[in-house]
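The structure under discussion appears below in the form of structure tokens.
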Amino acid sequence: MKKMKGLIPAAGMGTRLGPIALAIPKELLMVGDKACIEHVVEAFKLADITDIIIVVGWRKHAILDYFGSGKRLDVNITYIVQDERNGLAKAVECGKNALNHNSFAVILGDNFFYPKTFLKELITFHKKKQSECTVGVTPMKDVSSYGVIKPRGEIIIDIVEKPKPKDAPSNLACAGIYVFKPSIFDAIKKTKPDANNEYQLTDSIKWMIEEKKPVFYKELKGRHIDIGSPERLKMANKFFSQKM
Ligand code: G1P
């Protein structure tokens, strides 16, 4: 089996962060002593993944300046450009050729996790279950800005993107970390755009469930903070200063 690669989607706009995201890619905003996306790279390294693909887009060239080839962190970074901002599923699809028909792990570049061993645990679980798709989830009070799963045992039987609180099938939110077999690319191909013309990864996963593929979830221990709003960025930094 070839060594697993990692993919970091980092092309999203960061609109909820306000004007700062016009000048600085949100993934480069600091959490503690380094950019949020560097914490993600460290999580990949802890899972023994050193070939990392970063999907960038418009106004994201600073990510290349930050990491370069990845030498400083002892990893190999390949950059892929997503020309159109048309959703997370399409960002993942951009990595298809570079992933070369292998299983791979995805962590969103604007998500902070603690402890960083969560990915290693998720991959071990994914392999043990012979899963086609494994989603890392965390319980949340308000799940309305996340993908939300409907669990049965260890399996996901339904998944919805950003449901209204009354329609949420559970309190388990997708934490922006996934492990996939290459069959996710068939699912992405079948995915239809949503009302905002975005191709949601959640809908690709839903397609896999409908096709009766084994789709699992695992509750991540520790803390997950999506830094996509000023309040949550502050929260991540507060958490970091208390822990480190
Ligand atoms: C994305 C995904 C969502 C997931 C979230 C995690 O949403 O679409 O399913 O729960 O990341 O942070 P976004 O934050 O890009 O709107």
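In listed order, ligands and their atoms are each counted from 1. Please read these numbers as outputs of a predicted model, since none were measured by experiment. Numbers here are sequence positions counted from 1.
Polar contact check, Cys174 against ligand 1: a nitrogen or oxygen pair lies under 3.5 Å apart. Looking at Asp110 next to ligand 1, no N or O pair under 3.5 Å apart turns up. The shortest N or O to N or O distance between Gly147 and ligand 1 is below 3.5 Å. When only interatomic distances are considered, the shortest N/O to N/O separation between His224 and ligand 1 does not fall below 3.5 Å. Here's the thing with Glu161: one of its N/O atoms is less than 3.5 angstrom from an N/O atom of ligand 1. For Ser145, no nitrogen or oxygen atom sits less than 3.5 Å from a nitrogen or oxygen atom of ligand 1, counting backbone and side chain alike.
The atoms of ligand 1 that sit less than 4.0 Å from any heavy atom of Leu108 are 1 (C), 11 (O). Numbered from 1 in the order shown, with element, the atoms of ligand 1 that lie under 4.0 Å from a heavy atom of Tyr146 read 6 (C), 10 (O). Atoms of ligand 1 lying under 4.0 Å from at least one heavy atom of Asp226, given by number and element, are 12 (O), 14 (O). Counting the atoms of ligand 1 from 1 in the order shown, those under 4.0 Å from a heavy atom of Thr202 are 9 (O).
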Kindly indicate, with the supporting measurements, whether the criterion salt bridge (charged side-chain N to carboxylate O under 4.0 Å, His left out) is fulfilled by Glu198 and Arg85. CA-CA 8 Å; Glu198 288 203 11; Arg85 284 184 207 263; over 6 Å; no
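With sequence neighbours left out, Lys189 forms a side-chain contact (heavy atoms from CB on, under 4.5 Å) with no residue at all.
Put simply, part of Arg16 is less than 4.0 Å from ligand 1, judged by heavy atoms. For Asn111, the closest heavy-atom approach to ligand 1 falls below 4.0 Å.
In terms of protein heavy atoms, atom 7 (O) of ligand 1 is closest to Lys162 NZ, 3.3 Å.
Applying the ring-ring contact (aromatic ring centres under 6.0 Å, His included) test between His39 and each of Phe113, Phe240, Phe44 identifies Phe240 as the sole match. Of the candidates Phe104, Tyr178, Trp207, Phe104 is the only one forming a side chain to side chain contact (heavy atoms under 4.5 Å, CB included) with Ile184. A side chain to side chain contact (heavy atoms under 4.5 Å, CB included) with Ile54 is found for exactly one of Ile77, Leu7, Ile80, namely Ile77.
For atom 15 (O) of ligand 1, the nearest protein heavy atom is 4.0 Å or more away.
By the 6.0 Å and 45° rule, Lys90 stacks over the aromatic ring of Tyr199. With a 6.0 Å cutoff to the six-membered ring centre and a 45° limit on the axis angle, Arg223 does not count as a cation-pi contact of Phe112.
The local environment of NZ in Lys120 is sparse, with at most 12 non-hydrogen atoms from other residues, nucleotides or ligands closer than 6.0 Å. Residue Gln130 places its CD atom among 12 or fewer non-hydrogen atoms of other residues, nucleotides or ligands, all under 6.0 Å distant.
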